[in-house]
K.L.:
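Have a look at the structure that comes next, please.
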Amino acid sequence: MSGWIFLFFFLLLMPICVAWIYYKSRQGHTLEIRQGYVKDVRYFGRSFSEMVEKALPEMKGEILNLSRPESVLDIGKEQVFTEPSISKLIIVKNHSFCPEGKDLEFAKEIYCVKDAIFTGGNYTLRAVYSKRRILLGYGTAIARWADAEGAVVVYDNCDLGRRVSSGEQLVIGFGVKFSSLYAPRIFLGRHPQEPDLYMEGRSPEIFRLSVIKDYIYNNNYINDDFLSEEGTVPNTVITNTDLKIVDDIVIQGDIHSDGSVYVMERAVVVGNLFAEKDVLLAKGSTVLGSIFTQGNVFLEEGACVGQPHKIVSIVARGKIQFSKNNYVFGFILAERGGETLPNEDSCDEESRHSYSFPEEIKDFKALKFKTLDEYENVDENGFRLYDNIREVEIPAGARTIPNSQFFSCKNLERVRLPITVSSIGAYAFADCCKVDMEWDLFKLHLTYVGTSAFENCHKLKFSNFPDALQTIENAAFANCKALSELVFTKNSRLKKIGDHAFRECINLKKIYLPDGVESVGISAFRDCLSLKEISVSERISEQPGISEIVKNCPNVSILFRPIEKMGDNAEVLDETD
């Protein structure tokens with residue numbers, strides 16, 4: 001009997017023992033993370049143009065090596081096509097591209113340094129990129145995508161394939177079908193020569209209202225009974241039924257509905273709108289935030305989503321339908337397809353063949369806030385993905401840079417921070433590849449830098465951090481190629497350096513970490529290939545980011561300082577409180 005008992009316990013304990021032995025003997029491996037990966041709404045055009053521009057200097061004859069060798073037509077002034085199907089990649093460097101011929105089909109991509117204009121009628125394009133502007137005439141079909149740095153104009157009865165995007169503006173005519181669209185400004189149901197009616201019937205006051213998070217529940221009808229003395233409904237609305245917002249009402253919050261949402265004529269939603277069923281924006285109504293729904297979205301004449309200088313989204317699991325003079329500032333995705341309705345007005349033959357580009361938008365380049373209150377009431381969408389901003393001045397008294405506030409503002413070059421800023425949120429300046437900061441680091445009250453706050457800020461330069469700084473989160477300064485030194489004083493309060501915090505800072509040469517540091521995360525200094533000198537307390541020698549540094553930085557010399565008594569140093573820190 002005892003033998004059976006022994007066998008039972010042996011079989012019970014054996015898996016535990018094997019697991020324990022494996023755990024003790026295994027070697028840890030650093031997780032590979034693509035630090036530079038960002039989901040880019042202009043991915044198709046940007047990746048294609050980068051490949052072409054990289055390959056062009058090496059082009060031999062009519063062969064261009066992209067992901068594979070491609071036959072190329074290098075187009076000059078002569079742009080007459082006698083065959084209806086063109087099976088070669090099109091490259092146009094010195095002239096605008098305006099092909100001549102009827103019913104042409106371009107089976108490969110088109111790359112244009114100047115304007116790309118398709119007005120011959122019933123063209124089919126696989127994909128087209130322009131470093132300037134694109135014009136798609138009546139009846140043009142896109143099989144995959146179109147992207148331009150400047151304006152993209154789409155006239156009536158076009159089919160836009162998977163995505164059309166622009167770095168400046170999209171003007172979409174009538175009877176147009178699409179899957180997704182992106183631009184800082186999208187005008188739908190109009191032609192470029194028509195007037196901009198965005199501000200018609202909209203009070204400038206609505207753009208200065210903050211989003212209020214105080215909730216009211218389970219109302220299915222919002223009318224004048226909910227108004228405050230200021231003339232708004234100062235609440236976020238949450239309901240498990242259909243919701244109707246009557247004419248001219250301003251909801252100073254978000255909308256969350258388990259049913260449908262009907263925003264009636266000239267009504268305003270200052271925040272975001274979430275719904276499980278259909279969303280209707282009636283004539284002249286406005287949603288300043290984003291719209292996400294499991295159903296469909298319908299915009300009547302003059303309805304708009306968003307506001308200038310901010311990027312928002314309309315995302316629908318169903319379809320999205322626009323009528324006339326609609327405005328969206330950002331991204332549109334319709335999983336079951338989107339469309340602009342046909343033009344009810346008759347169009348004579350002469351006007352039908354009258355094409356034009358819109359006026360270039362004269363955008364602001366310097367972002368300044370008149371008051372601290374104006375800055376603090378910026379909605380949670382911030383200024384992310386806005387390519388036009390060059391300078392930002394944060395007002396005195398501001399204490400935080402919110403999450404993603406300036407995410408992927410790729411042309412942002414200069415930011416002035418007041419000394420009052422204590423927290424920089426996650427992704428606040430991520431992918432701002434040209435940005436540098438104007439800050440007084442020694443006086444700055446900065447205590448916290450969030451996840452990926454400055455990731456891929458290639459031109460960010462400084463060597464010292466303020467003594468007040470306590471936490472540097474994961475990937476906070478990853479791939480900041482201009483950083484050369486990281487020096488903290490003995491009075492520094494730094495406690496934590498997160499995983500991948502300074503990964504791929506390829507010009508970082510010298511690091512001094514103060515004695516108070518307690519945690520250095522995995523791959524904190526991985527691929528810092530120029531790192532030659534790092535000085536740290538011996539008490540963190542076993543921290544992951546330190547123990548692996550010899551393997552990750554082949555030229556480094558490490559100085560482990562002996563642990564000092566904390567008494568005198570603690571007094572110094574207390575004096576700075």
Side-chain angles (χ1 to χ4, degrees), residues 41-42 44-45 48-49 75 79 81 84-86 90 92 95-194 322 324 326 328 332 334 337-343 347 349 351-361:
V41 288
R42 292 185 59 207
F44 297 121
F48 172 68
S49 63
I75 304 296
Q79 299 182 6
F81 295 89
S85 181
I86 299 94
I90 302 294
V92 192
H95 309 277
S96 294
F97 184 48
C98 188
E100 298 180 31
K102 292 286 187 180
D103 302 321
L104 298 178
E105 178 183 2
F106 293 88
K108 291 288 187 177
E109 290 83 356
I110 300 169
Y111 171 88
C112 301
V113 173
K114 297 188 177 182
D115 293 340
I117 303 170
F118 303 92
T119 58
N122 299 320
Y123 286 171
T124 299
L125 318 175
R126 175 181 171 84
V128 56
Y129 169 82
S130 170
K131 295 190 78 68
R132 291 195 63 195
R133 302 174 297 180
I134 294 174
L135 190 152
L136 305 178
Y138 291 90
T140 303
I142 302 290
R144 298 190 63 192
W145 56 266
D147 178 73
E149 301 300 326
V152 176
V153 177
V154 180
Y155 277 82
D156 301 357
N157 304 324
C158 292
D159 190 332
L160 300 185
R162 292 174 62 184
R163 177 168 299 171
V164 171
S165 55
S166 163
E168 180 191 284
Q169 59 178 316
L170 283 176
V171 183
I172 309 290
F174 299 91
V176 175
K177 299 183 183 299
F178 63 86
S179 293
S180 66
L181 306 170
Y182 170 78
R185 291 173 174 83
I186 307 176
F187 308 91
L188 300 113
R190 55 168 287 197
H191 295 148
Q193 59 268 33
E194 295 170 0
F322 298 94
K324 183 177 181 181
N326 298 127
V328 178
I332 303 171
E339 63 179 357
T340 57
L341 294 178
N343 192 355
C347 182
E349 192 67 19
S351 62
R352 176 180 169 82
H353 294 283
S354 175
Y355 294 108
S356 66
F357 282 107
E359 291 185 10
E360 184 176 349
I361 294 174

K.L.:
Please tell me if the side chains of Ile75 and Phe81 come closer than 4.5 Å, counting only heavy atoms from C-beta onward.
P.N.:
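They are in contact (side-chain heavy atoms under 4.5 Å apart), so the answer is yes.
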K.L.:
Please check if the side chain of Thr340 supplies one atom and the backbone of Gly175 the other of a donor-acceptor pair under 3.5 Å.
P.N.:
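Side chain of Thr340 to backbone of Gly175, a donor-acceptor pair under 3.5 Å: yes, one is there.
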K.L.:
Would you compute the distance between atom CD1 of Ile142 and atom CG of Leu160 and round it to the nearest 0.5 angstrom?
P.N.:
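These two atoms lie 7.0 Å from each other.
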K.L.:
Using the test side-chain contact (heavy atoms from CB on, under 4.5 Å), find all partners of Ser180 that sit at least two apart in sequence or belong to another chain.
P.N.:
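Result, side-chain contact (heavy atoms from CB on, under 4.5 Å) vs Ser180: Arg163, Phe331, Leu333.
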K.L.:
Checking side chain to side chain contact (heavy atoms under 4.5 Å, CB included) for the pair Leu136/Leu125: CA distance, chi angles, key distance, verdict?
P.N.:
CA-CA 10 Å; Leu136 305 178; Leu125 318 175; 4.0 Å; yes
K.L.:
Would you give the length of the straight line joining atom NZ of Lys131 to atom SG of Cys112, rounded to the nearest 0.5 angstrom?
P.N.:
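Rounded to the nearest 0.5 Å, the NZ-SG separation comes to 11.5 Å.
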K.L.:
What residues form a ring-ring contact (aromatic ring centres under 6.0 Å, His included) with Phe174, not counting sequence neighbours?
P.N.:
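Testing Phe174 for ring-ring contact (aromatic ring centres under 6.0 Å, His included), a comparison that skips the adjacent residues, returns His191.
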K.L.:
Any idea which heavy atoms bring Val152 and Ser166 closest together, and the distance?
P.N.:
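Closest approach of Val152 to Ser166: CG2-CB, 3.8 Å.
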K.L.:
Is there a side-chain contact between Leu181 and Val328 (heavy atoms, below 4.5 Å)?
P.N.:
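No. Closest side-chain heavy atoms not under 4.5 Å.
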K.L.:
Can you tell if the side chain of Asp115 reaches within under 4.5 Å of the side chain of Leu135, non-hydrogen atoms only?
P.N.:
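When only atoms from C-beta onward are counted, Leu135 and Asp115 do not touch, as no gap falls below 4.5 Å.
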K.L.:
Looking at every non-hydrogen atom in both residues, tell me the closest pair between Val128 and Ala116 and how far apart they are.
P.N.:
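Looking at all heavy atoms of both residues, the shortest contact is CG2-CB, 4.1 Å.
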K.L.:
Assign the ring pair Phe178 / Phe322 to parallel, tilted or perpendicular, where the plane angle (0 to 90°) is split at 30° and 60°.
P.N.:
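Rings of Phe178 and Phe322: tilted, as their planes differ by 30° to 60°.
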K.L.:
For the CD1 atom of Ile186 and the CD1 atom of Ile332, what is their distance to the nearest 0.5 Å?
P.N.:
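It is 4.0 Å, given to the nearest 0.5 Å.
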K.L.:
Excluding sequence neighbours, so at least two apart, what forms ring-ring contact (aromatic ring centres under 6.0 Å, His included) with Phe357?
P.N.:
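Checked Phe357 against ring-ring contact (aromatic ring centres under 6.0 Å, His included); zero matches.
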K.L.:
Measuring from atom OG of Ser356 to atom OH of Tyr155, what distance do you get when rounded to the nearest 0.5 angstrom?
P.N.:
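One gets 4.0 Å once the value is rounded to the nearest 0.5 Å.
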K.L.:
Might you confirm whether atom CD of Glu194 has over 12 heavy atoms from other residues, nucleotides or ligands at distances under 6.0 Å?
P.N.:
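Yes, because the 6.0 Å sphere around CD of Glu194 holds more than 12 heavy atoms from other groups.
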K.L.:
Would a 4.5 Å heavy-atom cut-off, applied to side chains only, mark Val153 and Pro358 as touching?
P.N.:
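Side-chain contact under 4.5 Å: yes.
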K.L.:
List the atom of Gly161, the atom of Ser179, and the distance in Å for their closest heavy-atom pair.
P.N.:
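Heavy atoms only, the tightest pair is O-OG, 3.3 Å.
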K.L.:
Do any side-chain atoms of residues 95-111 form donor-acceptor pairs under 3.5 angstrom with protein atoms, and if so which ones, sequence neighbours left out?
P.N.:
{"from": "Lys102", "atom 1": "NZ", "to": "Gly120", "atom 2": "O", "distance (Å)": "3.4"}
{"from": "Glu109", "atom 1": "OE2", "to": "Arg126", "atom 2": "NE", "distance (Å)": "3.2"}
{"from": "Tyr111", "atom 1": "OH", "to": "Glu53", "atom 2": "OE2", "distance (Å)": "2.8"}

K.L.:
Using 0.5 Å steps for rounding, measure from the CD1 atom of Ile117 to the OG1 atom of Thr119.
P.N.:
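Answer for the CD1-OG1 pair, Ile117 versus Thr119, is 7.0 Å.
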K.L.:
Without swapping roles, check the side chain of Glu168 against the backbone of Arg132 for a donor-acceptor pair under 3.5 Å.
P.N.:
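Checking the backbone N and O of Arg132 against the side chain of Glu168, no donor-acceptor pair under 3.5 Å is found.
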K.L.:
Measure the shortest side-chain to side-chain distance between Gln169 and Glu359 over non-hydrogen atoms and say whether it is less than 4.5 angstrom.
P.N.:
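Of all side-chain heavy-atom pairs linking Glu359 with Gln169, none is under 4.5 Å.
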K.L.:
Can you name the ring-ring contact (aromatic ring centres under 6.0 Å, His included) partners of Tyr182, sequence neighbours left out?
P.N.:
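Per chain and number, Tyr182 pairs via ring-ring contact (aromatic ring centres under 6.0 Å, His included) with no residue.
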K.L.:
Thr140: what forms a side-chain hydrogen bond (donor to acceptor under 3.5 Å, both in side chains) with it, not counting sequence neighbours?
P.N.:
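Partners of Thr140 by the side-chain hydrogen bond (donor to acceptor under 3.5 Å, both in side chains) criterion come out as none, since no residue qualifies.
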K.L.:
How many angstroms lie between atom CG of Asp147 and atom CH2 of Trp145, to the nearest 0.5 angstrom?
P.N.:
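Here the interatomic distance stands at 6.5 Å.
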K.L.:
Is the backbone N or O of Tyr138 less than 3.5 Å from a side-chain atom of Tyr355, with the two atoms forming a donor-acceptor pair by type?
P.N.:
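A pair under 3.5 Å: yes.
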